[in-house]
Amino acid sequence: MNRTILAANWKMYLNEDTSIDFIKKMSSDIESFSNSEVILFPSHTCISQVQKELKNLNDIKIGMQDCDIHTKGAYTGGVSLHGLSHIDFCIVGHSERRLLYNESDEVVKNKLETVISNGVNAILCVGETKEQKNDGNTFTVIDAQLSILPKDAISRLTIAYEPVWSIGSGEVPSNKYIEDVLSYIKNKLKSLYSDEIVEKINLLYGGSVDKDNINRLLEVKLIDGFLIGSASADFESFKAIADKLN
Ligand code: PGA
């Protein structure tokens, strides 16, 4: 059986000291994570230190929460995928980037291309706002967000379904709701790619995941793992989630 992916989106919750403290605790309790495939997404400014601190914990993957479309040049403030020694994953199109930083589907598309063409695994986030849900537009929104996918073969892609109304709100959709959206995503992928490719695309759920709801969410068969925000930035609550998988 595949291990459950636990992607920890630390957003801007931790600084260098608190990130290192987290890794120290994790290193001394690593058996708690034996049934999880952990991917940590520290703040960009903390990634190098986290990588150093992880030392021989080769099993823990590291990712960027976002990246620039460009990898080199005169782009003040841009963060390049090439700026760090080794990055396994990069999140693309998180709703906070789309809504707070006005990233359009076109920008998300360019970022996705940059990530994949540079040999890094992409986690593409999709999800509807409360208003879009209430207007019955969930599938239309997801469809538009997925329309940026290349029409030919694709590799190194993971899709995270994160309803915007669930992020940080404590409000989690029912399993049936998540299942319907993930099935929709899966069918869309099947219309684009071969079964062999679709098989390799992992599907994550994100939005208010914690130790109290992880077990019922795991009953959704299409879920390969979780993209976790606030509950991943506190070691004890992240460990409590991982412990539920053991
Ligand atoms: P949350 O965030 O777990 O704090 O709701 C999830 C995310 O934004 O990826």
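When a residue number appears, it is its place in the shown sequence, counting from 1. The shown structure was predicted, so the numbers you read here are calculated from the model rather than taken from an experiment. Both counts, for ligands and for their atoms, begin at 1 and track the order of listing.
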re atom 4 (O) of ligand 1, the protein heavy-atom contact at minimum distance is Ser230 N, 2.9 Å
Exercise. Judging by distance only, is a nitrogen or oxygen of Tyr13 under 3.5 angstrom from one on ligand 1?
Worked result: no
| What's the verdict on side chain to side chain donor-acceptor pair (under 3.5 Å) for Trp165 and Gln132, showing C-alpha distance, side-chain angles and the deciding distance? | CA-CA 10 Å; Trp165 51 274; Gln132 290 164 336; over 6 Å; no
Atoms of ligand 1 under 4.0 Å from any heavy atom of Ile167, numbered from 1 in the order shown, are 2 (O), 5 (O), 8 (O)
- Message: Is the ring pair Phe89/Phe41 parallel, tilted or perpendicular, if the boundaries are 30 and 60 degrees?
- Response: perpendicular
query: Taking 4.0 angstrom as the limit, do Glu103 and Lys111 come out as a salt bridge?
result: yes
among protein heavy atoms, the one nearest atom 7 (C) of ligand 1 is Glu162 OE2, 3.2 Å
(request) Check whether any heavy atom of Ser208 sits under 4.0 Å from an atom of ligand 1. (result) yes
| said: I want to know if ligand 1 touches Ile228 in the polar sense, i.e. an N/O pair below 3.5 angstrom. | reply: no
_Distance-only side-chain donor-acceptor flag, Ser19 / Glu16, under 3.5 Å_ = no
His94 heavy atoms within 4.0 Å reach ligand 1 at atoms 7 (C), 8 (O), 9 (O)
For Gly207, the ligand 1 atoms with a heavy-atom partner under 4.0 Å come out as 5 (O)
Of Gly229, Gly170, Cys125, the one whose closest heavy atom lies nearest atom 3 (O) of ligand 1 is Gly229
Here the pair of heavy atoms bringing Glu162 nearest to Cys125 is OE1-SG, 4.0 Å
Is the ring pair Phe22/Phe235 parallel, tilted or perpendicular, if the boundaries are 30 and 60 degrees?
perpendicular
Requested in this report: Using only heavy-atom distances, determine whether the side chains of His94 and Asp66 contain a donor-acceptor pair under 3.5 Å.
Outcome: no
Under 4.0 Å from one or more heavy atoms of Asn9, ligand 1 contributes atoms 9 (O)
- Query: If we only count heavy atoms from C-beta on, is the Ile185 to Leu203 side-chain gap below 4.5 Å?
  - Reply: yes
Non-hydrogen atom of Ala231 closer than 4.0 Å to ligand 1: no
